[in-house]
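Below, each value reflects all heavy atoms present in this structure, side chains not excepted, and no hydrogens, waters or symmetry copies.
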Amino acid sequence: MARAPSNYQLLFTYVAPYFAYVLALMLPMPRTGGYLLAWGASAAALAYGWRWLMPLRGPRSPAGSVLLGVAGGVLGTALWVVIKRPFYEAGGDPWPLADFALRLGASGTVVAVFEELLFRGLLLGGAVQWDRARREGDADPLGTALHRRSVGTLEPGAWTAFAVIFSSVAFASGHAPGEWPAAFAYGLLMAALWIVRGDLLTPIVAHGTTNITLALWVRHTGEWSLW
């Protein structure tokens, strides 16, 4: 039986959709074009590497995971608003409808997928494997986790306290400084969903639900600074 690719070998597959999205938005073009390009580029990167990525389904009913994901996503929206609000002035410049719709669509679909695969899949799972190797007295736990382990072989819902904190800090670091507390708390919530359900489907649905409901919330209330 062929050996599963190591985490090091899988690294590009997991990070490519993330960086394709971010880099596309950095190009000097109108916001509408930037989001169209970012959406398409990250979707293409996901499609290309899909065969090597962790499965989204776990041992439990997908329907239950979707329902819990939706509930968790709504909770995540409330968490984000409450924690982020003190760090930003109320209001903010509204987005034109076309730009708003494109960002909502991208963040509710591909962003939710590639961020959960990266942060709750590769980073949390890889940190679990590093932490376990370290506790077992491995002389090179990082090398073992990178080159001799694969997150695809982890049992559903695998976690350690270090791995949860590490992945949540990594997730927060990809956000603006004023969003760090909210993003860290949100990372903890997504990790909890992974642990409870033992699949990535639940946090992906939750993340997509949060991104969509938060967008609708800021458009309804005019609190654009929270988006």
Side-chain angles (χ1 to χ4, degrees), residues 11-50 53 56 66 69-70 72-74 76-81 83-85 87-123 167 170-180 182-184 186-187 189-190 200-201 203-227:
L11 184 60
F12 177 80
T13 305
Y14 279 88
V15 303
Y18 182 93
F19 283 107
Y21 190 88
V22 172
L23 293 175
L25 292 180
M26 294 173 63
L27 294 175
M29 64 173 62
R31 188 186 283 165
T32 303
Y35 273 101
L36 278 172
L37 179 60
W39 197 344
S42 58
L46 279 171
Y48 173 78
W50 196 258
L53 297 170
L56 305 189
V66 170
V70 171
V74 173
T77 299
L79 191 72
W80 186 269
V81 169
I83 298 177
K84 182 179 175 179
R85 183 178 277 153
F87 296 92
Y88 287 83
E89 294 184 7
D93 297 328
W95 282 49
L97 181 58
D99 297 350
F100 171 82
L102 284 170
R103 180 176 171 182
L104 181 152
S107 64
T109 55
V110 292
V111 172
V113 175
F114 68 65
E115 286 197 337
E116 290 309 311
L117 280 165
L118 176 59
F119 292 104
R120 257 59 66 180
L122 181 67
L123 293 186
S167 61
F171 178 69
S173 70
H175 292 75
E179 296 176 331
W180 285 349
F184 178 75
Y186 193 81
L189 175 61
M190 295 301 101
L200 287 174
L201 177 61
I204 285 173
V205 171
H207 202 144
T209 299
T210 295
N211 288 348
I212 291 170
T213 55
L214 179 63
L216 296 176
W217 167 264
V218 300
R219 185 169 179 84
H220 175 73
T221 62
E223 292 192 76
W224 293 92
S225 61
L226 297 178
W227 197 35

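- With sequence neighbours excluded, the residues that form a side-chain contact (heavy atoms from CB on, under 4.5 Å) with Ala41 are Ala20.
- Checked by atom type and distance alone, the side chain of Thr210 pairs as donor or acceptor with a backbone atom of Gly73 at under 3.5 Å.
- Counting only residues at least two apart or in different chains, salt bridge (charged side-chain N to carboxylate O under 4.0 Å, His left out) contacts with residues 12-28 are absent.
- Qualifying side-chain hydrogen bond (donor to acceptor under 3.5 Å, both in side chains) partners for Ser167, counting only residues two or more places apart in sequence or in other chains: none.
- Heavy-atom minimum distance, Ala45 versus Ala16: CB-C, 4.1 Å.
- Scanning for ring-ring contact (aromatic ring centres under 6.0 Å, His included) contacts around Tyr21 gives Phe114, with sequence neighbours left out.
- Rounding to the nearest 0.5 angstrom, the gap separating the OG1 atom in Thr13 from the CH2 atom in Trp50 is 12.5 Å.
- Residues passing the side-chain contact (heavy atoms from CB on, under 4.5 Å) test with Leu37, sequence neighbours excluded: Ala24, Leu27, Met29.
- Applying the side-chain contact (heavy atoms from CB on, under 4.5 Å) rule to Tyr88 yields the partners Lys84, Ala176, Glu179, Ser225; only residues at least two apart in sequence or on another chain are considered.
- Note on residues 20-30: no pairs pass salt bridge (charged side-chain N to carboxylate O under 4.0 Å, His left out), not counting sequence neighbours.
- Looking at Trp180, its side chain does come within 3.5 Å of a backbone N or O of Ala172 through a donor-acceptor pair.
- Partners of Arg85 according to the salt bridge (Lys or Arg N to Asp or Glu O under 4.0 Å) rule, which considers only residues two or more places apart in sequence or in another chain, are Glu223.
- Within the model, atoms CG of Leu36 and CZ of Arg31 stand 13.0 Å from one another, a figure rounded to the nearest 0.5 Å.
- When every heavy atom of Leu123 is checked against every heavy atom of Ala170, the shortest pair comes out as CD1-CB, 3.8 Å.
- Annotation: side-chain contact (heavy atoms from CB on, under 4.5 Å) contacts of Val74 (sequence neighbours excluded): Thr209.
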Taking distance alone, no hydrogens or angles, what donor-acceptor pairs closer than 3.5 Å link side-chain atoms of residues 95-113 to residues at least two apart or in another chain?
unit_1 : atom_1 : unit_2 : atom_2 : d
Asp99  : OD1    : Thr32  : OG1    : 2.3
Ser107 : OG     : Arg103 : O      : 2.8
Ser107 : OG     : Leu104 : O      : 3.2
Thr109 : OG1    : Trp39  : NE1    : 3.4
Thr109 : OG1    : Gly105 : O      : 2.7
Thr109 : OG1    : Ala106 : O      : 3.4

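- Between Trp80 atom CH2 and Leu189 atom CG the span is 12.0 Å, to the nearest 0.5 Å.
- The number of heavy-atom neighbours closer than 6.0 Å to CH2 of Trp224, taken from other residues, nucleotides and ligands shown, is above 12.
- Taking OH from Tyr186 and CD1 from Ile83, the interatomic distance works out to 12.0 Å, rounded to the nearest 0.5 Å.
- Considering only residues two or more places apart in sequence or on other chains, Glu116 meets the salt bridge (Lys or Arg N to Asp or Glu O under 4.0 Å) condition with Arg120.
- Thr77 meets the side-chain hydrogen bond (donor to acceptor under 3.5 Å, both in side chains) test with Thr213; sequence neighbours excluded.
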Q.
Would Leu53 and Leu46 count as a side-chain contact (heavy atoms from CB on, under 4.5 Å) here? Give the steps.
A. CA-CA 9 Å; Leu53 297 170; Leu46 279 171; 4.2 Å; yes
